[in-house]
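Encoded as structure tokens, the structure appears first; notes follow it.
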Protein chains: 2
Amino acid sequence: MPASARSRLARRLPRAAMVFAALGDPTRLALVTRLCDGSRRSITQLCDGQPLTRQAISKHLRVLEDARVVRSERAGRESLYALNPQPIGELRDYIDLVSSQWDDALARLKSFVEK
Amino acid sequence: MPASARSRLARRLPRAAMVFAALGDPTRLALVTRLCDGSRRSITQLCDGQPLTRQAISKHLRVLEDARVVRSERAGRESLYALNPQPIGELRDYIDLVSSQWDDALARLKSFVEK
DNA sequence: GGGGAATGCAACTTTCTGGTTGCTTAAGAG
DNA sequence: CTCTTAAGCAACCAGAAAGTTGCATTCCCC
């Protein structure tokens, strides 16, 4: 890996870790899964189907919003939450980088064995 | 989303959450980044560059191993850690699913507006 | 065999997380 | 205007996580 790529990556690691952490809870992952169809839902809407209090869900949504995985907007007396796909896309960039490094390593190993 | 796809996904959510959580810490993400070149490194090797105790790193490695992101193998008096790319690949599957749902939603919205 | 290096194990502290309950505030609906 | 519904806020609790220190173990090397 070239040094420039490594430092560019290193700068983004804490941010990526925050997004990974936001998704690292089954409840939050379920919320994201529910929102990934592009819908905008209120907190009480997002509550049903889950055996938790509204406040618990509310806290989870705040965690997701801090990581910018989700955006909220007040509409009258309810606040509507919607997915923000950008941070998740950045995760995919990270994963692709890991995979490509891994594949390169495999290829090098293979060519070494075959020599 | 068809019901079959939703239930298949739901079954895998807790597992995916575990992997996300394992990557959701800057130290652990740095460890994974370091291992993604296919190398096998001992714990003390993985310690340098990080301002933590060996035991702290050791605990982080255990978390990664529990999530199967990493595999360890004893070699003499040291244990060598290597990346296991499979769980991270499963994360990509999840992300691709989210993205495709999102894209579908955008497309539907667009066709609705244009009608 | 003895010493140093790499690791494992256990106890402990501190901080963070996930969750609850109770109360307040704001906004629609009748 | 009053009632109900949606949400926010604050305090609290139990358990998990992150990290440390100290000691035991195992293995390599001389």
Side-chain angles (χ1 to χ4, degrees), chain A residues 13-35 39-83 87, chain B residues 10 13-35 39-84 87:
Chain A
L13 275 188
R15 167 105 190 93
M18 196 181 183
V19 180
F20 275 124
L23 298 179
D25 175 280
T27 302
R28 288 197 291 267
L29 206 52
L31 289 171
V32 168
T33 305
R34 206 162 191 200
L35 286 175
S39 56
R40 306 158 81 245
R41 295 181 198 270
S42 71
I43 297 181
T44 32
Q45 271 181 307
L46 290 169
C47 276
D48 59 48
Q50 241 124 11
L52 293 182
T53 327
R54 175 179 54 85
Q55 282 83 349
I57 301 290
S58 209
K59 277 193 187 182
H60 281 301
L61 286 170
R62 184 186 306 268
V63 173
L64 288 170
E65 193 172 12
D66 285 347
R68 298 194 219 291
V69 174
V70 126
R71 266 194 291 248
S72 77
E73 179 190 356
R74 194 75 194 235
R77 68 179 150 178
E78 55 195 357
S79 47
L80 300 177
Y81 284 81
L83 186 72
Chain B
L13 275 189
R15 167 106 189 94
M18 196 181 184
V19 180
F20 274 124
L23 299 179
D25 175 280
T27 302
R28 288 196 292 265
L29 205 52
L31 290 171
V32 168
T33 305
R34 206 164 191 198
L35 287 175
S39 56
R40 306 159 81 248
R41 295 180 196 271
S42 72
I43 298 183
T44 32
Q45 271 181 307
L46 289 169
C47 276
D48 59 47
Q50 241 125 12
L52 292 181
T53 327
R54 175 182 53 86
Q55 281 84 349
I57 301 290
S58 208
K59 277 192 185 181
H60 281 301
L61 286 169
R62 182 186 306 268
V63 173
L64 287 170
E65 193 171 12
D66 285 347
R68 302 201 159 73
V69 174
V70 126
R71 266 192 292 246
S72 78
E73 179 191 354
R74 196 75 195 234
R77 67 178 149 179
E78 54 194 356
S79 47
L80 300 177
Y81 284 80
L83 186 72
N84 175 23

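Letters go in sequence order (proteins before strands), and every chain restarts at 1. Owing to the predicted nature of the structure, the values given are computational and were not obtained by experimental measurement.
The 5' end of DNA chain C is approached more closely, in terms of each residue's nearest nucleotide, by A/G24 than by the other of A/G24 and A/A75. Mapping B/Y81 and A/G76 onto DNA chain C via the closest heavy atom, the residue that lands nearer the 5' end is B/Y81.
If you measure from atom CD of B/E65 to atom P of C/dT7, you get 13 Å, rounded to the nearest angstrom. One atom, CZ of B/R54, and another, C1' of C/dG4, lie 14 Å apart when rounded to the nearest Å. Rounded to whole angstrom, the span from the CG atom of B/L52 across to the P atom of D/dA17 amounts to 17 Å. One atom, CG of A/L80, and another, P of D/dA7, lie 8 Å apart when rounded to the nearest Å. Counting to the nearest Å, the P atom of C/dT20 and the CD1 atom of A/I57 are 9 Å from each other. Here D/dA6 presents its P atom at 11 Å from CD1 of A/I43, a figure rounded to the nearest Å. The separation between B/Q45 atom CD and C/dA5 atom P is 16 Å, rounded to whole Å. Here the P atom of nucleotide D/dC9 and the CG atom of A/L61 are 14 Å apart, to the nearest Å.
Using modelled atom types, one side-chain atom of B/S42 and one backbone atom of B/Q45 make a donor-acceptor pair closer than 3.5 Å. Remark: side-chain polar atoms of B/R71 are not paired, donor with acceptor, to backbone N or O of B/N84 under 3.5 angstrom. Using modelled atom types, no side-chain atom of A/R41 and backbone atom of A/L46 make a donor-acceptor pair closer than 3.5 Å.
Distances were taken from every side-chain heavy atom of B/R77 (C-beta onward) to each of D/dG19, C/dA6, D/dG8; the shortest belongs to C/dA6.
The residue B/T27 sits apart from the nucleic acid: no heavy atom pair falls under 4.0 Å. Nucleic acid contact class of B/R74 (heavy atoms, under 4.0 Å, all strands): sugar-phosphate only. A/T53 comes within contact range of at least one nucleobase, with a heavy-atom separation under 4.0 Å.
Using a 4.0 Å cut-off between charged side-chain N and carboxylate O, A/D48 and A/R34 make a salt bridge.
Phosphate proximity of C/dT7 to B/S58: absent, as no side-chain N or O sits under 4.0 Å from OP1 or OP2. A sub-4.0 Å separation between OP1 or OP2 of D/dG19 and a side-chain N or O of B/H60 is present. OP1 and OP2 of D/dT5 both lie 4.0 Å or more from every side-chain N or O belonging to A/T44. Look at B/R28 and you'll find a side-chain N or O under 4.0 angstrom from OP1 or OP2 of D/dA18.
Side chain A/E78 to base C/dG28: no donor-acceptor pair is found below 3.5 Å. Judged by atom type and distance alone, A/Q55 does not reach the base of C/dG18 through any side-chain donor-acceptor pair under 3.5 Å.
If you run side-chain contact (heavy atoms from CB on, under 4.5 Å) between A/L31 and each of A/L64, A/D25, A/L23, only A/L64 comes through.
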